[in-house]
Every structure is written in C-alpha cells, then in structure tokens.
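Below, chain A is the first sequence line, B the second, and so on; all start at residue 1. What you are looking at is a predicted structure, and each value in this text was computed from that prediction instead of being measured.
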There are 2 protein chains.
Amino acid sequence: MNVKQEPGSPAREPRRRAGRPRSVVLDRELIAQAALKLVTTGGYASLTMSGVAKSLSVSPSALYNHVESKQELMQWIQEIVMDGVDSTVFETLPLAEALMAWAVTYRDVLAGHAPLIPLIAVLPVSGSPHTLEMYEKVAAGFARAGWESAQIVPAIVAIESFIFGSALDVTAPLDIFDPGPNAGKIPKFESALAAQRASGQPSADAAFNTGLRAIVGGLVGSGDRRH
Amino acid sequence: MNVKQEPGSPAREPRRRAGRPRSVVLDRELIAQAALKLVTTGGYASLTMSGVAKSLSVSPSALYNHVESKQELMQWIQEIVMDGVDSTVFETLPLAEALMAWAVTYRDVLAGHAPLIPLIAVLPVSGSPHTLEMYEKVAAGFARAGWESAQIVPAIVAIESFIFGSALDVTAPLDIFDPGPNAGKIPKFESALAAQRASGQPSADAAFNTGLRAIVGGLVGSGDRRH
DNA sequence: GGTTTTAAATGAATGTCGTTCATTTACTAG
DNA sequence: CTAGTAAATGAACGACATTCATTTAAAACC
C-alpha cells in the first residue's frame, strides 16, 4: 500500500482520481462484487450493465472505464464462483474419494450459476489463476495415485464434463420427464420413471450420485491406467 | 387433403389464406427449417427473428402469427436436432455397446448446437414426442438387460449429463488449458498437459472416449444393479 | 356471384439491452 | 498555479424481440 512508486511502473492500485464527488472510486473488485450480489439476489436475468451501474450509483457508461464488456464481467464472476470449489481434498483423501468430494462441491457451486457453464466450458484458463491452481491440485492427486501422465487430463476433463452436465440438470423442473399427452405410448420409460419417483429423490440428484460413482469407479477402479 | 371438413373441428392442416400475393404460406415447418438453415450456415449468433423473416422474404412480425417467441422457435430446432440421435442401436446391440454408440451420435449431434444444450437440459420432454421415443428405446435397453426399474432413469440422466458436458467441451479452443503467464507454477498439471498433447488427440475427444468408457463401464460393469 | 368472415401479412412503434463517444470533472504531478 | 489525466456523465446508437392497429386476399356462406 504505502510502497514508493517507481516512475517507470505505474501503480497497480490506482489512486483516487474521480470525475465527480463520489464516495468510492469504481474498481474491478467493486464491480464484480456488485454484479455477483445482483446475480445472487435476482438471478442472471437481472444481470444487466444498467443494473450493476445502478447498484453502484453510477452511470452505465462509467463501468466501461474498468471492464471491456459484459462478457468480461461474467468472467470476473466466474473466477469468484470457481473459488468456491474445494480442491484441498486431494491433499488428504485417496484419489477416488477426493474426486467425489471435489465433484460434489463443484456441482453445488455451479448449480446456482448455470448460465456461466457454457462460458466456463469454453473459457481459456490462463485468465483464471485460481482455476489453474485447482487443476494443479487435481492433477497432483492423479499423479500421486500413480497415473500415467497422458491419461490425467482426459480423466479430469471427463469428470468435469459430467459435472457441467449435472449442474445444468439441477435447474430442470422436477416434472421434466412428464410424458404429457404421450402417456401410455412409452411404457418402459414410464414405469422406470414411476419407480424412480417412488424413491422421493429428485432425479437430478439420483443421477448425479449414480453417475459420479460410476465414472469415478470406472476411471480409478480398473487398474490398467497406472504405469 | 381432400377430406370433407366437419364444421365443429377446424382443419389441422390450415388451408392457404394469405394476406398477400405470396408464393407459400408461412408454416411451422417452413419457419423451423429456415431457422435451422440459418443456424447451420451462420451459427447461433445469426439466429434472429429478423434474419429468419428475411430468409423467408417476410416481415419479422409475420412470424408471430405462427410462433409464440424465439424461445419456442428454438424448441422447434431442438426437436429437429434431437431427431438426428440414433437410438435404434438399443434394439440390436448389448446394453453397454448400445449406450456407447448412442452417446457418440448424441454428442456429435449436440456439438454443432451448443447453445441449445442449456435449453434441452431444462426443457420438459412432453413437448417433444421424438425425444420421448428416444427415452423409451433407451429405457427398454436397460430393462432388457435386467436392470431394476428405479435405477434406470438415474442411469440415463447420468450418461446424458456427461454427454451434455462433453458436447459443450467440443466447442472449446484447442489451447484452452494453456497456462499463459502462470506457466511454471503448476508443474504437475503442465506435465500432464504436455503428455496429453503429445498424443495429438484433441483433449475434448480423448476426454469423451475416456469418460464414456468409464461411466458406461461403471454403470453396466458392476453387477449389483440388476434384480 | 356477391358478401361476410377470418387467417395471415404488413410496417410502424416500443422497450430493453450492450456499447460508444464527446464532454466535463476533480484529483495528481510538476 | 498550471497542465495532465483517470474517471464519470448523459446523450445517442444499433440490435433485438415483441406488440398492435391496419390491410389484404383467400375461404365460407348464402
């Protein structure tokens, strides 16, 4: 904070230089937090540049002095959200259990941010140091379990894909599989549906548990991927 | 076509009643196909109501006599797209192989329509008879393999979640995992990345193959889900 | 065959967005 | 004190989805 500023390298923490008598100067952190609060209270439909600006008592165009686009703002949100994923489990648990614990927090974190998923799936990780650290911990977990190098990234991406898809499912309506007017024409599926419903568990949760056990078991269980 | 129309029940196939000297009357099928062609040639960014209207030589507002919203139009596209998934494999192949063949076509079909995935994941199937038929065939495949009723739907949804996530991955840039300025700080992940890259296979494809084998193997392989 | 009904098209208009830009403001540096 | 500059303003723009009053022409009715 109170470090002498070298002439050649400008401050990373910009000093107060407002264009108006304003309580606080806009800032990446402020904007990101305001956006996140907006999303948390009103969902992604309420995430508009005007909305963020209003919540900061600022004009919409003021935001563009700090953020390039709404897309970039969503990347900021994504970074904060991804920070909620617990990847310390790989340091303490055996690989299979760590993967399952990690996947659970990962899905839970994403479930509330479904609109971010298509973004995250496609976003270069270079911009998100936290995410890279997460991958490092996961990769270290695989390596520690004796996995061959070349198999690690595909395994991680595979589980992640399952997590992304499962997080999308969480927001689906509970009666998504109601056959409606086609009832009766699809007996096998309908009886399967009825049986699953009898369990009382939302099908998204049941599917996540089932699938997670299967994919982790299928990856870690069979032993021919070690070197 | 030339069936006498009963007074009480209006025609399901609307006769030509245009408001202008027009070569063809608008129609759900026409609009859906025009929209699909637009998407195929220009991607989802080019899917606008004006664009669809223009490709039909019609004013944008004319579309709203036939479709309620852009959202509904996208549901029409989704139905056509989902029709490209081959679920006949369940009638000829053993469950595990059928699941893998089905998943491959399913992912390939979705890969070109990533923006539809969040929609499909949440859309009630009652509006899509084709999709329901697909589920029927898949469920029949599980039943034929001796699966207990209550386990079938979770298993289907689990694989589907993996497919959705994998289809999202397909559109990711090849260098999505480039650590950028953080190179060197994440040694385990970087060496895993290098090893995977050496294989020459895009990581999305490697992950899909790896994950599909794992999840199908994990589901079908262990025998305690049969009754 | 003329009249009425009606589905379907028009185009002007609306409201909501994200984003740009010329201009102004007030803090900082010299 | 002066010049420079980061940061804010608000007006404006261009997309876009959607609505609505009005018009058109085919079909139904007699």
Side-chain angles (χ1 to χ4, degrees), chain A residues 4-31 34-35 38 42-77 115 119, chain B residues 1-31 34-35 38-39 42-76 115:
Chain A
K4 190 80 186 291
Q5 219 55 51
E6 299 200 30
S9 62
R12 284 284 147 251
E13 306 278 339
R15 292 165 297 281
R16 300 259 198 118
R17 279 196 201 176
R20 267 299 181 79
R22 186 146 298 301
S23 51
V24 285
V25 190
L26 242 34
D27 176 318
R28 166 172 170 154
E29 197 55 26
L30 271 176
I31 296 175
L38 210 56
Y44 277 86
S46 73
L47 180 65
T48 67
M49 297 303 273
S50 318
V52 175
K54 178 177 288 182
S55 83
L56 290 165
S57 306
V58 141
S59 97
S61 53
L63 299 175
Y64 287 87
N65 286 318
H66 306 270
V67 69
E68 252 192 14
S69 61
K70 186 184 179 181
Q71 180 86 355
E72 190 183 25
L73 175 53
M74 290 181 70
Q75 293 178 23
W76 294 354
I77 298 178
L119 183 71
Chain B
M1 299 308 185
N2 49 1
V3 196
K4 191 79 186 293
Q5 219 55 52
E6 298 200 30
S9 62
R12 282 285 146 250
E13 304 279 338
R15 292 166 296 281
R16 301 252 194 132
R17 281 197 200 174
R20 264 301 181 77
R22 188 145 296 303
S23 50
V24 284
V25 191
L26 279 196
D27 175 316
R28 164 171 170 155
E29 198 55 26
L30 270 176
I31 295 175
L38 210 58
V39 162
Y44 278 85
S46 72
L47 180 65
T48 67
M49 297 303 273
S50 317
V52 175
K54 178 178 287 181
S55 83
L56 291 165
S57 306
V58 140
S59 97
S61 54
L63 299 175
Y64 287 89
N65 286 318
H66 306 271
V67 67
E68 250 192 15
S69 63
K70 184 183 180 179
Q71 180 86 355
E72 190 183 27
L73 175 53
M74 292 181 70
Q75 293 177 22
W76 294 354

Nucleotide N/O to protein N/O under 3.5 Å, stretch nucleotides 11-15 of chain D:
none

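Closest heavy-atom contact between B:Leu38 and B:Gly51: CD2-C, 3.7 Å. When all heavy atoms are compared, the tightest approach of A:Leu119 to A:Gln71 is CD1-NE2, 3.1 Å.
Put simply, CG on B:Leu30 is 15 Å from C1' on C:dA9, counting in whole angstrom units. Taking atom CG of A:Leu56 as the reference point, atom P of D:dT9 lies 10 Å away to the nearest angstrom. We find that CG of B:Leu63 is positioned 13 Å from P of D:dT19, with the value rounded to whole Å. Between the NZ atom of A:Lys54 and the C1' atom of C:dT16 there is a distance of 12 Å, given to the nearest Å. Counting to the nearest Å, the P atom of D:dA6 and the CG atom of A:Asp27 are 16 Å from each other.
Contact of the A:Ile77 side chain with the A:Leu47 side chain is registered, since non-hydrogen atoms from C-beta on lie closer than 4.5 Å. The side-chain heavy atoms of B:Leu56 and B:Leu63, taken from C-beta on, include a pair separated by under 4.5 Å. Contact of the A:Leu30 side chain with the A:His66 side chain is not registered, since no non-hydrogen atoms from C-beta on lie closer than 4.5 Å.
With sequence neighbours excluded, the residues satisfying side-chain contact (heavy atoms from CB on, under 4.5 Å) with B:Glu72 are B:Val67, B:Glu68, B:Ser69, B:Trp76. Partners of B:Pro115 according to the side-chain contact (heavy atoms from CB on, under 4.5 Å) rule, which considers only residues two or more places apart in sequence or in another chain, are B:Tyr44. In terms of the side-chain hydrogen bond (donor to acceptor under 3.5 Å, both in side chains) criterion, residue partners of B:Ser59 (sequence neighbours excluded) are, by chain and number, B:Ser61. Every residue two or more places apart in sequence or in another chain that forms a side-chain contact (heavy atoms from CB on, under 4.5 Å) with A:Ser55 is listed here: A:Ala34. Under the rule for a side-chain contact (heavy atoms from CB on, under 4.5 Å), the partners of A:Tyr64 that lie at least two apart in sequence or sit in another chain are A:Met49.
Separating the CG atom in A:Leu26 from the CD1 atom in A:Ile31 is a distance of 4.0 Å, to the nearest 0.5 Å.
Residues from residues 64-73 of chain A with heavy atoms under 4.0 angstrom of DNA chain D, sorted by number: A:Asn65, A:His66.
Fit an axis to the five pairs at each end of the helix from C:dG1-D:dC30 to C:dG30-D:dC1 and the two axes sit 0° apart, to the nearest 10 degrees.
Closest to the side chain of A:Met49, out of D:dT9, C:dT10, C:dT19, is C:dT19.
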